[in-house]
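The structure under discussion appears below in the form of structure tokens.
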Amino acid sequence: MLMLNLSLWAVFEYSEAKGLEELFYPTYDLSGFSWDSVNRTLNHTALTAEFSGVPATDPGGSFSNGSVGFRVTAYEAGGRDRPLPSLLHTANSSKVEFVLAGVAPRGNGSRFALEVATVEEPGVVQELRSARSIDDEYTPTIFEMLSLVAQSQNDSSTRSFLQWKATAYGSRSPRREDNIQCRSGGLQAANWTLPASSIVRAYFGEGVGSSYTVSAINISFGGEDGEVYQEKRYLSWSALLGFGQPPRDTFSPLVISIMAVALGTPMAMLLVGGCVLLFAQRKRYSEYEPIN
Ligand SMILES: *[C@@H]1O[C@H](CO)[C@@H](O)[C@H](O)[C@H]1NC(C)=O
Ligand SMILES: *[C@@H]1O[C@H](CO)[C@@H](O)[C@H](O)[C@H]1NC(C)=O
Ligand SMILES: *[C@@H]1O[C@H](CO)[C@@H](O)[C@H](O)[C@H]1NC(C)=O
Ligand SMILES: *[C@@H]1O[C@H](CO)[C@@H](O)[C@H](O)[C@H]1NC(C)=O
Ligand SMILES: *[C@@H]1O[C@H](CO)[C@@H](O)[C@H](O)[C@H]1NC(C)=O
Ligand SMILES: *[C@@H]1O[C@H](CO)[C@@H](O)[C@H](O)[C@H]1NC(C)=O
Ligand SMILES: *[C@@H]1O[C@H](CO)[C@@H](O)[C@H](O)[C@H]1NC(C)=O
Ligand SMILES: *[C@@H]1O[C@H](CO)[C@@H](O)[C@H](O)[C@H]1NC(C)=O
């Protein structure tokens, strides 16, 4: 729960008219939202909680039937999530799901982007890593995993991470066809002055803004297929937030056996060939023996 406080978020909405510049609507600054009491949504068995909010003022009425939410899931042990994107997790990590539900788009073909900012103490550097895999068994059609990793400059040990697959989903019970393209911008050093009442300031003290570094990254949803949200009015993006090394996907047994067939068979054939040869030689040799 505390970890969520270390990140600041803003939601951008823009339209991309053909051949024209992107048109940005006023930003939804989540620090200016009013949030529901978490009490009602706390589930002690599933270890989940949901923060759901609407802007303090909503002149356009976009939120009359919608909200922005963060669903947090804590884990007691390592494992793999059942719902897509089926992230691999450890006991030291939690899932944060960003949910945009029922919010009316302000334009025709609106897209959304989430700006995530992190605050780090001195001596800790952030790095954005992208890993591609040939294996999409756990997250069909998605081959890219991104991680924002905070490393100590002293001993280059990993302090914390935010890890996500390059996809969002347009459904409460996501299937592969509900896939919404998700793109990540570059990591930017943000020179922000944090609001005086900010919870970040409460956590880090007054040093924020001078000695502490704030970095931010934009994650945008919906590429060419920007109409998915327009149609479904639902968007969910999941990321894993944790301490220590981010978990790494290993190849699934299916892919390992496919690779074994594709790459390993000539080796197996050589081995079999070698055995047969050896056996044949032994046999011939032994056939000679009685003669001696
Ligand atoms: C939340 O739950 C705690 C303990 O369960 C209780 O003391 C507190 O009054 C509740 N707050 C609200 C706003 O319901
Ligand atoms: C808590 O989560 C479990 C498992 O998902 C579910 O069966 C249960 O109904 C939930 N409890 C509440 C109060 O929502
Ligand atoms: C409000 O949302 C519900 C469920 O998401 C939907 O069934 C209903 O039509 C929406 N109402 C309006 C006025 O958009
Ligand atoms: C979880 O964190 C503790 C303390 O930081 C560490 O000792 C442990 O190895 C971590 N476990 C995993 C699975 O990363
Ligand atoms: C939205 O765009 C589509 C295709 O460009 C167009 O047919 C439709 O009339 C537009 N709707 C509005 C409300 O502008
Ligand atoms: C780096 O090492 C110095 C001296 O050992 C220590 O004071 C400082 O806290 C360390 N910084 C981090 C980020 O671990
Ligand atoms: C950050 O902002 C302060 C004051 O606005 C300025 O003095 C400083 O040079 C800026 N730093 C960077 C890295 O842009
Ligand atoms: C995210 O996008 C918005 C709108 O284009 C821009 O103002 C902001 O600087 C971007 N932030 C980062 C970290 O790139």
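Start at 1 with the first residue, then count along the sequence. In each ligand, atom 1 is the first atom listed, and ligand 1 is the first ligand listed.
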protein heavy-atom neighbour closest to atom 4 (C) of ligand 2 works out as Ala46 CB, 4.0 Å

query = Tell me, which protein residue and heavy-atom name are nearest atom 8 (C) of ligand 2, and how many Å apart are they?
reply =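 Minimum-distance protein heavy atom for atom 8 (C) of ligand 2 reads Asn43 ND2, 3.7 Å.
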
Minimum heavy-atom separation for [X] and [Y], please, with both atom names.
X	Y	value
Val99	Ser236	CG2-CB, 4.3 Å
Gln230	Gly107	NE2-O, 3.6 Å
Pro105	Ser110	CB-CB, 3.7 Å

Practice prompt. Could you label the plane-to-plane angle of the Phe98 and Phe70 rings as parallel, tilted or perpendicular, counting under 30° as parallel and over 60° as perpendicular?
Written response: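 Judged by the thresholds at 30° and 60°, the geometry between Phe98 and Phe70 is tilted.
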
Counting each atom of ligand 8 from 1 as listed, which ones have a heavy atom of [X] under 4.0 Å away?
X	answer
Ala216	13 (C)
Asn218	1 (C), 2 (O), 3 (C), 8 (C), 10 (C), 11 (N), 12 (C), 14 (O)
Glu115	1 (C), 8 (C), 10 (C), 11 (N), 12 (C), 13 (C)
Phe24	4 (C), 5 (O)

For Phe221 and Tyr229, run ring-ring contact (aromatic ring centres under 6.0 Å, His included): C-alpha distance rounded to whole Å, both residues' side-chain angles, the deciding distance at 0.1 Å, then the answer. CA-CA 9 Å; Phe221 307 103; Tyr229 183 78; 9.8 Å; no

Nearest protein heavy atom under 4.0 Å from atom 14 (O) of ligand 2, yes or no: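 Neighbour list for atom 14 (O) of ligand 2 includes protein heavy atoms (cut-off 4.0 Å).
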
### Message
Are more than 12 heavy atoms, taken from residues, nucleotides or ligands other than Glu76, located less than 6.0 Å from that residue's CD atom?
### Response
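Atom CD in Glu76 is not crowded, with 12 or fewer foreign heavy atoms closer than 6.0 Å.
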
- Could you tell me whether Tyr14 approaches ligand 8 through its side chain, its backbone, both or neither, with non-hydrogen atoms closer than 4.0 Å?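 No part of Tyr14 comes within reach of ligand 8.
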
